[in-house]
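For reference, the structure is listed below as structure tokens.
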Amino acid sequence: FPSHDSIQDGNDKLMVIAQNNNANVTTTSVFSVDRSAGTIVLPLSSATGDTISVVAFFITADKRIVSNSIGLNTTTP
């Protein structure tokens, strides 16, 4: 994330988009938490074999600067 005063003040948010891609329905959820919280819990329901895709990025409080995103996929056991 660029070195910028509005980012370093701790008021930015972590945005997470989670998508459950099962055989019948695709469900997308958007979550956000202040960076200062340090963690985020995603209340997702899934079934065995569902693929969960997650994209995360930071956004400043004024919504003017957005970081690069990181994505991951996992299949539930």
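Throughout, residue positions are numbered sequentially from 1 according to the sequence presented.
Residues Phe57 and Asn68 approach most closely at CB-O, 3.9 Å, considering heavy atoms. Among all heavy-atom pairs drawn from Val55 and Ser69, the shortest one is CG1-CB, 3.7 Å. Listed here is the closest heavy atom pair of Thr60 and Asp12: CA-CB, 3.9 Å.
Residues forming a side-chain hydrogen bond (donor to acceptor under 3.5 Å, both in side chains) with Ser53 (at least two apart in sequence, or on another chain): Asn21, Asn73.
Of the inter-residue distances, the one linking Asp34 atom CG with Leu14 atom CG reads 10.0 Å to the nearest 0.5 angstrom. Met15 CE to Phe31 CZ: the interatomic distance, rounded to the nearest 0.5 Å, is 10.5 Å.
By the rule that hydrophobic residues join a cluster once side-chain heavy atoms approach within less than 4.5 Å of another member, Ile59 and Ile70 end up as members of separate clusters.
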